[in-house]
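Quick note on labels: first sequence line is chain A, next is B, and so on, each numbered from 1.
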Amino acid sequence: MASSRKITLRSSDGESFEVEEAVAVESQTIKHMIEDDCADNAIPLPNVTSKILAKVIEYCKKHVDASKAEDRVNDEDLKAWDAAFIKVDQVDQATLFDLILAANYLNIKSLLDLTCQTVADMIKGNLFPVRNEWLNFTFSIANRELVLVCLTEWVAHRRLFCS
Amino acid sequence: MGQVPSSASASASPEPSHRGISSSQRLDSLPSLELISSSDEDEVCRGDSGGGGYDYTGDLPDECLAHVFHFLGAGDRKRCSSVCRRWLRVDGESRHRLSLNAHAELLSSLPSIFTRFDAVTKLALRCDRKSVSLGDDALILISLKCRSLTRLKLRGCRELTDLGVATFAQNCTQLRKLSCGSCSFGARAINAVLDHCVNLEELSIKRLRGIHDGAEPIGPGAAAKSLRSICLRELINGQSFGPLLVEARKLSTLKLIRCLGDWDKVLQTIGRSNPGLLEVHLERIQVSDGGLSGIANCKGIETLHVVKVPECSNLGLSSIAENCRQLRKLHIDGWRINRIGDEGLVEVAKHCLQLQELVLIGVSVTHSSLGLIGSNCRKLERLAFCGSDTVSDVEIACIATKCEALKKLCIKNCPVSDVGIESLARGCPNLVKIKVRKCRGVSGQVVELLKEQRGSLVFNLDAGEIEALDDFGVEESAAEFPPANASDVPSSSNERSMLFRAKLGFFAGRNLVACTFRRWSNGENSTNGNL
């Protein structure tokens with residue numbers, strides 16, 4: 001029987017989360033810390049708040065469970081779960097981007113791919129006109145000539161691409 | 001092109017440098033962009049100056065933003081790069097794949113392009129027929145800017161000469177894949193690539209006009225040891241590649257399509273010297289049974305396409321079958337010449353028990369061989385018939401009873417009727433998808449019947465008479481008989497290519513064969529594949 005050792009993770013705001021080792025090592029960062037024997041006490045994660053850490057743990061737990069033989073979840077169901085997990089109106093934008101940062105820091109590839117793909121999907125086909133509500137940019141015209149210089153190469157290159 | 005040309009010293013640095021652009025002129029030609037200006041790109045991205053809200057992407061480190069861009073296609077990335085300076089920079093730094101219009105005018109923009117995109121490893125340069133392409137100086141400049149290029153695709157770059165390509169090769173020694181189509185350089189250029197690009201794995205050459213009769217031999221070069229895939233298409237003197245083909249001991253894929261000359265000897269030599277060959281594609285070349293027997297010495301062959309090779313017969317196919325017992329995918333286009341038929345397929349049934357995919361176009365087969373294939377080839381999953389006059393209801397019934405592993409069946413232009421299709425209701429327990437095209441005897445009723453009896457089956461029926469170019473890529477009228485001469489040369493070709501096509505003579509004309517199965521079994525033709 002594999003040991004279900006518990007690992008304690010401490011968020012930036014001091015909250016402790018106890019998780020099974022199998023779940024914790026979904027994060028390559030934590031995995032290396034454990035391997036390097038830095039995990040006797042709680043593992044401090046100064047870059048991740050408790051709110052985000054809770055979500056990350058939820059994600060990792062689901063993915064670890066999904067691959068276990070008894071609770072075998074097929075790929076489609078897992079994808080559906082992922083989609084629900086990341087749905088933007090549940091997960092507000094701030095949380096979405098915090099998740100990207102957390103996934104990056106903790107080195108959880110599948111979560112990083114999921115979150116970045118979500119942002120990419122939001123970007124797709126939505127960029128012209130440049131004033132874009134989702135991106136929360138409100139541009140103003142200041143100095144057009146500097147703007148030209150800024151994006152001159154973009155304009156010059158635009159016609160050169162095949163696609 | 002008429003767009004704003006960047007000066008030669010253009011850079012993507014945040015410093016605004018006044019380049020003396022006459023702003024009034026340029027503003028008119030721009031689409032109406034309302035853009036923030038700033039010399040500090042961070043300020044731009046914050047967007048605080050409008051009361052619109054917060055830009056979360058500003059919190060992401062560059063690598064995360066680049067990771068987001070990685071999920072976008074080239075068009076979306078192009079639009080993203082116009083959002084703000086930071087996105088312009090991150091996109092430029094993380095773009096590895098670039099596809100450019102290779103006109104002569106590209107030269108002036110190259111410095112700024114490769115300053116902006118400084119991590120390009122895969123480059124496509126395409127020039128259309130009407131424009132003058134970039135020349136040697138442009139290619140050399142590219143080679144200096146992109147020293148770590150791994151893939152290069154050239155299309156229609158007719159101004160490139162041996163010298164330019166040779167210099168390119170000296171600078172870009174990490175090249176792994178080279179694909180050129182409709183260019184005019186010659187053997188010296190290819191030899192230079194083979195000498196310098198020692199890690200070259202894939203080489204695909206189509207219509208290289210500089211390799212005419214009397215061209216110097218090509219290969220082996222240093223790259224012969226690393227090449228895994230060679231595809232030669234529409235070459236007048238493809239034989240000049242002989243030394244390379246024979247010395248490329250690691251070759252696993254060989255495709256010879258419409259190249260002049262007698263290929264028997266080369267195939268026989270390859271058979272002796274390249275035991276590792278896995279995939280062979282012979283199309284409209286001069287090969288006889290002797291050549292097939294020769295290549296049959298590569299006993300590990302898993303995929304074989306013999307397409308419109310009129311001199312190959314059952315004898316050659318038998319030779320392949322007896323020797324290449326690992327055969328998984330077999331495509332034969334017999335061009336309705338009837339030199340390949342039941343006899344050869346019986347041999348395949350006897351020896352090639354690993355067969356997974358069988359595609360027969362213009363081949364007269366009957367149940368006598370198909371039954372045996374069904375009984376023996378227990379792994380057969382995909383089966384397709386096109387233009388086979390002898391594949392009728394009897395054959396389909398036979399398949400239904402014998403081919404237990406069959407998942408996908410495609411029938412086109414065969415004398416099959418509802419009776420035959422009905423038999424599939426009871427047979428082929430693993431059948432997932434049926435496609436029927438241009439079989440006049442098959443009606444919508446039998447589709448309904450089958451769907452009723454086998455709920456999960458996908459049945460694709462189209463009895464339409466007129467289909468310009470269908471899934472098989474076969475134009476029925478042209479497929480009737482092999483052309484006697486170059487009579488079907490397209491009228492739109494210009495003089496140069498007319499001459500070229502006339503030389504190809506017998507092999508001129510449009511490419512007539514592309515099987516449905518290319519998609520089904522995910523076999524990507526290296527010349528058509530993406531970078």
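Between A/D98 and A/K55 no salt bridge is recorded (no basic side-chain N to carboxylate O distance below 4.0 Å).
Counted by atom type alone, A/D82 and A/H63 present one or more donor-acceptor pairs between their side chains at under 3.5 Å.
The stretch residues 136-148 of chain B participates, sequence neighbours left out, in these side chain to side chain donor-acceptor pair (under 3.5 Å) pairs: B/D136-B/T161, B/S143-B/N171.
By the salt bridge (Lys or Arg N to Asp or Glu O under 4.0 Å) test, B/K407 is found to be paired with B/E381, residues two or more places apart in sequence or in another chain being considered. Applying the salt bridge (Lys or Arg N to Asp or Glu O under 4.0 Å) criterion to B/E93, with sequence neighbours excluded, gives B/R89.
The contact list for residues 108-115 of chain A toward chain B, using heavy atoms and a distance under 4.5 Å, reads A/L112, A/D113 by residue number.
The aromatic rings of A/W81 and A/Y59 are tilted relative to each other, their planes meeting at an angle between 30° and 60°.
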